[in-house]
Amino acid sequence: MNFQEYLYNHGFQREDLLARLAESLELGETRSKKMETAYNAIYDLLKGDPVFFSKIDFVVYPQGSKAIGTTTKPIGKDEFDLDIVVQIRDLYYKYSSSEIYNHLIRVFTENEVYRIKLEPKNRCARINYSGDFHLDVLPGCIIIENGDRLKVPDRELASWTSSFPKGYSGWFLDRARDVRQPILLRKAFSDFVSLNEAKAEQEDLPSENIYLKEPLKRAVQLTKRYRDVYFSEKPKYRTSSIILTTIFAQFYQGEASIYETIDNVLNRILEHYSEYQQLFESRGVYKRIKVLNPVDPEEDFTDKWDKDNEYYIQFIAFAKSYKEKWERLKKGDFGIAEELFGSTRTKTILKAQMEDFSRGQGDTLEKAGLTILTGNNYVDSRGNITENKGYKSAPNRNYGGLELKLNQGNLIKDSKNYIAAHIQKQFIEDNFPWLWTMVKDGKLLGKGKIKPNGCKKEYELLVEYDINRTGRKERVFVLNDNKIQFGNTPHLYPGNSLCLYYPKDLPLFLDLNFVDVIPWISEWLVMYELWNKYGVWLADEVKH
């Protein structure tokens, strides 16, 4: 038994999926190194300033998601932001707020590299690394000797304002460490290695780092990703990371798993805020929630919700949408993870799970699926998926839905191409004897049973091939599975005919040999059983 099989047998597969998804959202090594280099360069630049910074004692450190371990890759072309603090170890009242701010801007302006990257903001200097990430550099002075509470310049107020980045980081990290029992996956990993110590040394175990991060951090990462997906069409009202992070940490009660953390926190959010929402919906009275800085209650992270209550309305809508999709995940529908966290990412993670699960095992559904996903598989005379024996399967993408309107050219009315049907019959008899065929009125009709390797069920199939039909020439039906229904099962056409390929991928007149379609039937059945198991259609597909 390998580790993935151990997780599957103990009901931990969903938790492993969430951990892998969250891990995949971490910043890549290349981007992390770029940011670290940029971060260090800022310190070196300031330290070399002969006018001001070289004459004072200061330290530079990250704040925000980098400091608390909840970084999430941006979607598409969005930039990632790194927040860093320049903490001057001197009392704030010795300087004016504008003096500190202006010195920071001056250093960047005087440098030819940073001058073109500089974007002055209200409280900080933003350094834009175009198309990749930006650094927000926040200067501040301490309030008391040897303390970490800061006063930072605010240009709009023309004065100082309070900030306590180290305090917030410490508060969140304490909340994340407050787990009631050992972290679920960390314990499972440890138990498996202990039970199979000799064998485990020979197994290719996944990186233990996947399972070390606390559930709260992983939950925040995944929530921020769905936030980005949800607000992609309305970015103005996107709930900020500091608000989401604070809410999750406040409602966290030491759950040992990522799944329980998200599930319970979502319930607590909707329960806690339902009174406000009902008041607004029933009487039009807007009484918004307030998310206060836990280490500085005078700071309201949601103060702009007073000026525009649409921020609040959209946050509640986001939470309800998240909860609705999460309920489907609770029922074992991993397919919903595609909508929550991204299709490509979810498929990649499930494939990695399947690779671990199938390693060392016999003829499994996972092995058959992985062979198909290589794009270089064969199908033998009994309908089994193989790596090198049988009929070579051509590349294909599943589609389904309504028939596509394709230009088929001019066909002679009432013409019957009987020869083509007989040729296809001979091809099938030579390569796929499991399918009994006959020719009637120019159509090739067939019936047979197959159980592709790894499948739990033997499927009875009915096929029809008519070269004189416009559009798709074939129809393929499963006769003994009433769950295969158009509208409920992916990649079917009305009438429950299997969708085996995307018509627009093929030549204009769709004059492919019907024998080329037969391997795709076995592939469809394997992917159908994997879809039943994982809730995700893993093969190449065209969404519709």
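Keep in mind that the numbers below use all heavy atoms, side chains included, and drop hydrogens, waters and symmetry copies. The first residue in the sequence is number 1, and the count goes up from there.
- Relative to the ring axis of Y259, R14 places its NZ or CZ within 45° and under 6.0 Å from the centre.
- Pairing each heavy atom of Y6 with each of A188, the nearest pair is CE2-O, 3.7 Å.
- Defined by atom type and a distance below 3.5 Å, a donor-acceptor pair is present between the side-chain atoms of Q253 and R268.
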### Task
Take E214 and R218, measure what salt bridge (charged side-chain N to carboxylate O under 4.0 Å, His left out) needs, and give me the verdict at the end.
CA-CA 7 Å; E214 294 91 340; R218 293 298 195 200; over 6 Å; no
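- Using bins of under 30°, 30° to 60° and over 60° for the plane-to-plane angle, the ring pair F52/Y95 lands in the perpendicular bin.
- To the nearest 0.5 Å, the span separating CD on Q221 from CG on L21 amounts to 11.0 Å.
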### Query
After noting the C-alpha distance and the side-chain angles of K121 and E119, does the key distance pass the salt bridge (charged side-chain N to carboxylate O under 4.0 Å, His left out) rule?
CA-CA 6 Å; K121 307 293 283 187; E119 180 185 352; 3.4 Å; yes
Expected list for residues 57-69: side-chain donor-acceptor pairs under 3.5 angstrom, two or more places apart:
| residue | atom | partner | partner atom | Å |
| --- | --- | --- | --- | --- |
| Y61 | OH | Q87 | OE1 | 2.5 |

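- Under the 30°/60° scheme for interplanar angles, the aromatic rings of W171 and Y168 are found to be tilted.
- Among L340, V220, I75, the single residue meeting the side-chain contact (heavy atoms from CB on, under 4.5 Å) criterion with R225 is I75.
- Judged purely by distance below 3.5 Å, without hydrogens or angles, the side chains of Y322 and T223 pair a donor atom with an acceptor atom.
- Exactly one residue among W537, Y501, Y502 makes a ring-ring contact (aromatic ring centres under 6.0 Å, His included) with Y399. That residue is Y502.
- Expressed to the nearest 0.5 Å, how far CZ of F108 lies from CZ of R115 amounts to 13.0 Å.
- Between F318 and F231, the ring planes lie tilted relative to each other; the angle falls in the 30° to 60° range.
- To the nearest 0.5 Å, atom CG of residue N267 and atom CD1 of residue I262 are 12.0 Å apart.
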